[in-house]
Novice: 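Dropping a structure here in structure tokens format, bear with me for questions.
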Amino acid sequence: MGEPASRRATYADVLAAPDHLIAEVIDGVLETQSRPASRHARAASVLGAELDPPFGRGRGGPGGWVILDEPELHLGADILVPDLAGWRRSRMPEIPDVAYFDLAPDWLAEVLSPGTQSKDRSRKLPIYRRECVAHVWLIDPLAQLLEVYRLDGDTYRLVAAHSDDAVIRAEPFDAIELSLGYLWQR
């Protein structure tokens with residue numbers, strides 16, 4: 001007789017995780033990690049602060065988006081917590097009063113760190129692809145690099161890579177310029 005099948009992690013496992021950890025379920029496995037380091041947190045915070053006024057509130061930009069920090073996403077059996085996620089208001093006209101979202105976002109950003117980079121690229125990106133997240137940004141604050149991916153059929157296509165202090169326009173938020181240097185400031 002073979003080994004007994006291991007139990008698939010559930011939302012109850014996420015809820016039972018210590019409060020100081022970020023808990024996710026990826027392919028049935030509970031994954032925990034500590035809160036982000038300062039460079040990681042800075043990049044995510046600054047990016048959200050740059051995008052929300054023109055896209056979330058329509059100040060100096062077209063509006064039409066809901067942008068949230070670290071939303072908990074329940075995508076099938078997977079439970080993921082990207083650093084930032086955005087939904088077009090045409091798909092999510094109001095923010096529901098819920099503990100988690102089961103509607104996949106239209107865009108999201110993962111800020112990479114040495115401890116999460118492999119998981120973000122090889123385990124989470126296929127789930128985002130399966131759920132048809134149209135745009136994914138991978139941000140590496142140590143390398144000072146932003147990679148912009150667009151869903152192209154069944155795969156993500158790298159449409160742009162920007163680095164250092166570049167001033168850029170990046171889809172789906174190309175209606176405004178972003179100065180990447182602010183993401184890397186200490």
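Only a predicted model underlies this, so the values are computations on that prediction, with no experimental measurement involved.
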Novice: Tell me, please, which residues at least two apart from A175 pass side-chain contact (heavy atoms from CB on, under 4.5 Å).
Specialist: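 side-chain contact (heavy atoms from CB on, under 4.5 Å) check on A175 returns F55, P62.
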
Novice: Mind checking whether I168 and I176 sit in one hydrophobic cluster, side chains of I, L, V, M, F, W, Y counted as touching below 4.5 Å?
Specialist: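 Shared cluster, yes.
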
Novice: Which atom names give the shortest non-hydrogen contact between A109 and L47, and what distance separates them?
Specialist: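 The pair with the smallest heavy-atom distance is CB-CD2, 4.2 Å.
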
Novice: For A23, enumerate each residue passing the side-chain contact (heavy atoms from CB on, under 4.5 Å) test, keeping only those at least two apart in sequence or located in another chain.
Specialist: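 side-chain contact (heavy atoms from CB on, under 4.5 Å) list for A23, sorted by chain: V14, A17, L30, T32.
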
Novice: So if I apply the side-chain hydrogen bond (donor to acceptor under 3.5 Å, both in side chains) rule between E31 and each of R123, K124, K119, which one comes out positive?
Specialist: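 Going through R123, K124, K119 one by one, the side-chain hydrogen bond (donor to acceptor under 3.5 Å, both in side chains) with E31 is satisfied by R123 alone.
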
Novice: Quick one: closest heavy-atom pair of S122 and P126, and the distance?
Specialist: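 Closest approach of S122 to P126: O-CG, 3.4 Å.
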
Novice: Rest of the hydrophobic cluster containing V81 (Ile/Leu/Val/Met/Phe/Trp/Tyr, side-chain heavy atoms under 4.5 Å)?
Specialist: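 Listed partners: I22.
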
Novice: How far apart are the closest heavy atoms of G48 and P53, and which atoms are they?
Specialist: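 For G48 and P53, the tightest heavy-atom pair comes out as O-CD, 4.5 Å.
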
Novice: Quick test of your reading: applying salt bridge (Lys or Arg N to Asp or Glu O under 4.0 Å), list the pairs with at least one residue in residues 43-57, sequence neighbours left out, ordered by first then second residue.
Specialist: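 Those involving residues 43-57 are D52-R57.
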
Novice: Taking D83 for its side chain and A44 for its backbone only, find out whether a donor-acceptor pair lies under 3.5 Å.
Specialist: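 Absent.
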
Novice: Check the hydrophobic clustering (I, L, V, M, F, W, Y; side-chain heavy atoms under 4.5 Å; chains of links allowed) and say if Y100 and V25 are grouped together.
Specialist: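 Yes, Y100 and V25 fall within the same hydrophobic cluster.
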
Novice: Restricting to non-hydrogen atoms, name the atom on L183 and the atom on R42 that form the minimum distance, rounded to 0.1 Å.
Specialist: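 Closest approach of L183 to R42, heavy atoms only: O-CG, 4.0 Å.
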
Novice: Which residues pass the salt bridge (charged side-chain N to carboxylate O under 4.0 Å, His left out) test with R121, sequence neighbours left out?
Specialist: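 Listed in chain order: E147.
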
Novice: Is there a continuous path of hydrophobic side-chain contacts, each under 4.5 Å between heavy atoms, that joins Y182 to L146?
Specialist: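 Yes, one cluster joins them.
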
Novice: Applying a strict under-4.5 Å side-chain criterion to I, L, V, M, F, W and Y, I'd like to know whether L142 and L180 cluster together.
Specialist: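 No.
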
Novice: Return the set of residues passing side-chain hydrogen bond (donor to acceptor under 3.5 Å, both in side chains) with R88 (not counting sequence neighbours), or none when no residue passes.
Specialist: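 For R88, no residue satisfies side-chain hydrogen bond (donor to acceptor under 3.5 Å, both in side chains) once neighbours in sequence are set aside.
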
Novice: For E70, what residues pass the salt bridge (charged side-chain N to carboxylate O under 4.0 Å, His left out) criterion, not counting sequence neighbours?
Specialist: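 R35.
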
Novice: Give me the atom names and distance for the closest heavy-atom approach of P36 to A41.
Specialist: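 Closest approach of P36 to A41: CB-N, 4.2 Å.
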
Novice: Find out if a path of hydrophobic residues (ILVMFWY) with successive side-chain heavy-atom gaps under 4.5 Å connects L21 to L15.
Specialist: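 They do not share one cluster, since no chain of ILVMFWY contacts under 4.5 Å joins L21 to L15.
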
Novice: Taking only residues two or more places apart in sequence or in another chain, which ones pass salt bridge (charged side-chain N to carboxylate O under 4.0 Å, His left out) with D140?
Specialist: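 By the salt bridge (charged side-chain N to carboxylate O under 4.0 Å, His left out) rule, D140 matches no residue at all.
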
Novice: Say whether, by atom type as modelled, one donor and one acceptor occur between the side chain of W184 and the main chain of D164 under 3.5 angstrom.
Specialist: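 Yes; judged by distance alone, with no hydrogens or angles, the pair exists.
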
Novice: May I have all residue pairs that pass ring-ring contact (aromatic ring centres under 6.0 Å, His included) and include part of residues 26-46, sequence neighbours excluded?
Specialist: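 Qualifying pairs: none.
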
Novice: List in chain and number order the residues that pass salt bridge (charged side-chain N to carboxylate O under 4.0 Å, His left out) with R150, two or more places apart in sequence or in another chain; answer none if no residue qualifies.
Specialist: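 In terms of salt bridge (charged side-chain N to carboxylate O under 4.0 Å, His left out), with neighbours along the sequence ignored, R150 is linked to E171.
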
Novice: Only counting residues at least two apart or in another chain, list the ones meeting side-chain contact (heavy atoms from CB on, under 4.5 Å) with T10.
Specialist: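 For T10, the residues satisfying side-chain contact (heavy atoms from CB on, under 4.5 Å) (neighbours in sequence not counted) are R7, A12, D13.
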
Novice: Among Ile, Leu, Val, Met, Phe, Trp and Tyr joined by side-chain contacts under 4.5 Å, find the other residues sharing a cluster with L80 and list them by chain and number.
Specialist: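 Under the 4.5 Å side-chain rule, L80 groups with I26, V66, L68, L73, L75, W87, M92, I95, V98, F101, L103, L108, L112, L125, I127, Y128, V133, V136, L138, Y149, L151, Y156, L158.
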
Novice: Looking at every non-hydrogen atom in both residues, tell me the closest pair between G76 and E131 and how far apart they are.
Specialist: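 Of all heavy-atom pairs spanning G76 and E131, the closest is N-OE2, 4.4 Å.
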
